[in-house]
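Notes for the one structure printed next.
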Amino acid sequence: MHSLLQKQTTALQKRPACKIEVPERLTVSHEALVKNGLADRCVSVPVREATDADILLVHSEEYLEAVKKTPYMTLEDLKEFTQQYGDVYFHPNIYHCAKLAAGAALQLVDNVMTGKVRNGMALVRPPGHHSMRSAANGFCVFNNVAIAARYAKQKYGVKRVLIVDWDVHHGQGVQYCFEDDPSVLYFSWHRYEHQKFWPQLRESDYDSVGKEKGAGFNINVPWNKVGMTNSDYLSVFFHVLLPVAYEFCPDLVLVCAGFDSAIGDPEGEMCASPDIFAHLTHLLMNLAGGKLCAVLEGGYNLTSLPQSVCQTVQTLLGDPAPRPANLDGPCKSALESLYCVRSAHRQYWSCLKHAAELPTSDISTKRIKLAEEEEEEERLEEAKEEKSVEEKVWPEPLKRVTPPIRTALVLPNDVACPDGCKRFSSSEDPDPLIVNKLRENFLKDTDDSNALTTLSSLIALIEKMEKNEICNGLALVRDVSMATMCVVQHAATALSNRVLVVCVGDAVDPSRGTEDGKTLLVQFSNKESEEQKCKYYIPVCLKKGCSDVSGFTQAVLGLLLPLGYKYDPSLVLLVRTPDSGLCDSVWRQLAGLLQGLAQGHTLVLMQEGEKACVGPTASSLLGEAAPSLGQLHAPLPKDVEALERLRHGLQADWKLLQTTAPETGGGDEH
Ligand code: X5A
Ligand code: ZN
């Protein structure tokens, strides 16, 4: 009996069995988590089998009953059963595994929704996002994430679910499930190549935006070329997904976490590095109060898959992301997709209202024709490249070392230090040279020894950040402008690296020290400022200053983040003036998002009187998710106009700001 089963298994694995969707995918991923010390830092949640009722949330009774029979089928019958679906392989134990995969996703949702864990990842197979109400497809049997979304709505009354599908294939099963449902926003990017790539569906294109009440709640970003890079992925996050996601304001984020979109994958043939998943994850972690469940989908390169899984999990654990490298800007083909998606959705989302309109109603058909003409040429080219895809090599992501101290605070003695932070004052006597310089430059007319102590502490603090002994910090100072200038000047002369200065309110006189590119100053205020004087001083003027949440959020996502990612500083200085008008939750979002830069090295400066903000700001610096902003309304038209003008003027210098493909040049070919 036993040996018969063995024989059957062997026979099955030899014949229709899938060459790439293999058990090793899970074992190597788990081993990598153990090896990197990440498994120990996670809470393991036991899996359960999804019940019939769970599965029926998405699938039909007939389909479930049919799958139920597969463990008892003869090989012959199994083969026949398999052949009615596309690209899927039934093994006698797959029904059991598929119930565990869906059940694992539900266990994760339970633990996140009840607050037992903050977020999590389910490492499961078979994957789910291709399976449909009554059909298996693309290695998928039950639609794990779709079931999880319905389950969360039903059991926890979750009003809005965001599903981010970063797998390289289109999760058409998820799309079909929620097409007419405005409570579930489905976002997917996928290799498409003008419909030539599997599953070759017309409805995977950018113009499938959802149906009826669900119009606008299905977002497809087709990749029409292989070889997409980190820049292409981030551009789509900055200019499509994040603005829409913030406007939507989900209560829960589910990720169809397929890693076949990473470099080395034989299916995707893309070029994004595994550490990009640290950033994709980080950028989603301040939505839905941090409630995020990632569920494994594809990912078939047994080297790149575990690396990507580790990047994702380590970020979920709260470790700062590595510096984003080589962001040269999106390629021409990605820009075309970006432009099409944004214009297809401009009528549904106020954050996209100003997006450029499509010139004709149907670019995609035109493109297919065009593509046919080029087909022969491309085929030849692809044949040449085929080998190099298999042999692609990339550096292993560096081990992410987290400083022993996460958050250090420089506070007046009468202000209490919040839990989990460390009160900081420079232990050593300050360098007399520095003291002299400070006296000379900043403290000329005061004999304020307190101010001197504070300023030397700030300098000691950023030096410890540079050495990666401290991750981030917060200081309450007598005079934010002076403290900012002091830190900027010190950083520009003593440190070798770039500093991004983000000022909320007018804190800084830009005439000092932004010429050489060692600091990039982005200043938000309501003051109409003189023309921008240099590449590294960017005044962002909003009508109501920072008090309009929508306008400010749009500026942060569509302008500040692309600038910051392109600039790639080694330190972020985040400054707020007392009269900035920025509300607490937006401030915390800002502090949270900016920690994706500079390996999380952020120094926040606020005015002495703002004691009440120490706690909330510190919690952001500690990596706690910011509270949601609520569903956003349309920003003021004047602000939108101003931001667009700014983006236009800057996009030649800062390529991550681009959202349309220029007629000629711009958007390099990969
Ligand atoms: C989950 C997933 C891919 C199916 C490819 C079929 N499926 N050619 O990545
Ligand atoms: Zn896939």
Side-chain angles (χ1 to χ4, degrees), residues 16-26 28-29 58 82-91 94 97-98 100-102 104-105 121-132 135-148 163-177 186-193 195-201 203-204 220-223 226 228 233 254-272 274 276-277 280 294-302 304-309 312 382 386 389-390:
C18 185
K19 287 224 176 61
I20 55 172
E21 206 290 282
V22 293
E24 288 73 23
R25 297 177 58 231
L26 291 188
V28 297
S29 298
V58 165
T82 292
Q83 274 167 356
Q84 67 183 305
Y85 306 118
D87 291 73
V88 70
Y89 306 88
F90 277 86
H91 181 279
I94 203 170
C97 292
L100 290 174
M121 170 147 202
L123 287 176
V124 301
R125 34 184 306 273
H129 70 156
H130 297 303
S131 77
M132 293 161 265
N137 182 265
F139 314 157
C140 303
V141 176
F142 298 135
N143 202 316
N144 309 321
V145 168
I147 294 171
I163 300 178
V164 177
D165 189 337
W166 70 45
D167 186 282
V168 86
H169 301 96
H170 182 214
Q172 83 278 37
V174 185
Q175 172 168 315
Y176 299 152
C177 189
Y186 177 60
F187 166 93
S188 172
W189 63 35
H190 36 268
R191 181 170 171 187
Y192 191 58
E193 298 177 288
Q195 212 180 316
K196 282 191 284 182
F197 189 70
W198 189 90
Q200 301 176 305
L201 301 169
E203 63 268 29
S204 305
N220 285 333
V221 181
W223 298 126
V226 296
M228 293 297 163
Y233 287 7
L254 303 178
V255 181
C256 286
F259 299 101
D260 40 17
S261 43
I263 191 163
D265 193 277
E267 279 284 317
E269 298 184 36
M270 297 301 176
C271 288
I276 198 62
F277 295 102
L280 304 186
V295 181
L296 183 68
E297 297 281 357
Y300 307 103
N301 178 308
L302 296 178
S304 125
L305 169 67
Q307 291 173 353
S308 303
V309 168
T312 304
E382 271 159 31
E386 214 148 280
V389 169
E390 294 294 309

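Atoms considered below: every heavy atom in the structure, side chains included; atoms not considered: hydrogens, waters and symmetry mates. For ligands, and for the atoms within them, numbers begin at 1 and follow the listed sequence.
- An N or O contact shorter than 3.5 Å is missing between Glu297 and ligand 1 by distance.
- The Zn ion (ligand 2) sits nearest to atom OD2 when only the N, O or S atoms of Asp260 are considered.
- A donor-acceptor pair under 3.5 Å is formed between the side chain of Arg191 and the backbone N or O of Glu267.
- Atoms of ligand 1 lying under 4.0 Å from at least one heavy atom of Asp260, given by number and element, are 9 (O).
- Proximity of a side-chain donor or acceptor of Tyr192 to a complementary backbone N or O of Leu201 within less than 3.5 Å is detected.
- Of all N, O or S atoms in Asp167, the one lying closest to the Zn ion (ligand 2) is OD1.
- Polar contact check, Trp198 against ligand 1: no nitrogen or oxygen pair lies under 3.5 Å apart.
- Listed for the Asn144 side chain is no donor-acceptor partner under 3.5 Å among the backbone atoms of Glu297.
- Ligand 1 has an N or O atom lying under 3.5 Å from an N or O atom of Gly138, backbone or side chain.
- A donor-acceptor pair is defined here as one N or O able to donate and one able to accept, closer than 3.5 Å; such a pair exists between the side chain of Asp265 and the backbone of Tyr300.
- The distance from ligand 1 to the heavy atoms of Gly298 drops below 4.0 Å at these ligand atoms: 1 (C), 9 (O).
- Distances from atom 3 (C) of ligand 1 to the heavy atoms of His169, His170, Arg125 put His169 nearest.
- Contacts between Glu21 and ligand 1 below 4.0 angstrom, taking non-hydrogen atoms only, are absent altogether.
- Considering each of Phe139, Phe259, Tyr300, the one bringing a non-hydrogen atom nearest atom 9 (O) of ligand 1 is Tyr300.
- Contacts of Val168 with ligand 1, taken as heavy-atom pairs under 4.0 Å, are absent altogether.
- Looking at Asp167, its side chain never comes within 3.5 Å of a backbone N or O of Cys256 through a donor-acceptor pair.
- No side-chain donor-acceptor contact under 3.5 Å links Trp166 to the backbone of Ala257.
- Distances below 4.0 Å separate heavy atoms of His129 from the following atoms of ligand 1: 1 (C).
- Closest approach of Ser304 to Asn301, counting heavy atoms only: N-OD1, 3.0 Å.
- His190 and His170 have tilted rings, their planes meeting at an angle from 30° to 60° on a 0 to 90° scale.
- The backbone N or O of Glu203 lies less than 3.5 Å from a partner atom in the side chain of Asn220, making a donor-acceptor pair.
- For His169, the N, O or S atom closest to the Zn ion (ligand 2) goes by the atom name ND1.
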